[in-house]
Amino acid sequence: SGSAAAVAAGHVPLAVGTQTGGSVIRPAAFCGVYGLKPSVGSISREGVLQTSQTLDHVGVFAGTLGDLGLISEVLMAEAGQGLAQAAVRPPERPPRLLH
């Protein structure tokens, strides 16, 4: 992940990334930085290109645990009841199949 590499190289102290199948936790480990993939909906996915409605997460990277806690706390506080919460609800009616 470019975000984890940027933190590891010292270009930025904090970064945001997305994970559908390991794109936060693995790069963090490989680059030697701290990474957090919180529970679904903890950080809003508003504005993120959707790959999987149930697997997509927004995660964070930082060089220190203190910085990781700071960015996580801010982004989680901002999430509230945004689109991330709405995205995990089933549709009100089933989709129609066209033939």
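This structure is a prediction, so every number in the text was calculated from the model and none was measured. Note that these values count all heavy atoms, side chains included, but never hydrogens, waters or copies made by symmetry.
- Not a single side chain to side chain contact (heavy atoms under 4.5 Å, CB included) links Leu49 to another residue, sequence neighbours left out.
- Every side chain to side chain contact (heavy atoms under 4.5 Å, CB included) that Ser52 has, sequence neighbours left out, goes to Thr20, Thr54, Leu55, Asp56.
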Name every donor-acceptor pair, under 3.5 Å, that has one atom in a side chain of residues 2-19 and the other anywhere in the protein, sequence neighbours excluded.
from  : atom 1 : to    : atom 2 : distance (Å)
Ser3  : OG     : Val16 : O      : 2.9
Gln19 : OE1    : Val24 : N      : 2.9
Gln19 : OE1    : Ile25 : N      : 3.1

Which side-chain N or O atoms in residues 61-75 pair as donor and acceptor under 3.5 Å with protein atoms at least two apart or in another chain?
from  : atom 1 : to    : atom 2 : distance (Å)
Thr64 : OG1    : Asp67 : N      : 3.0
Thr64 : OG1    : Asp67 : OD2    : 3.4
Ser72 : OG     : Leu68 : O      : 2.7

Name each donor-acceptor pair under 3.5 Å that joins a side chain in residues 26-39 to protein atoms two or more places apart or in another chain, with its distance.
from  : atom 1 : to    : atom 2 : distance (Å)
Arg26 : NH1    : Gly21 : O      : 3.1

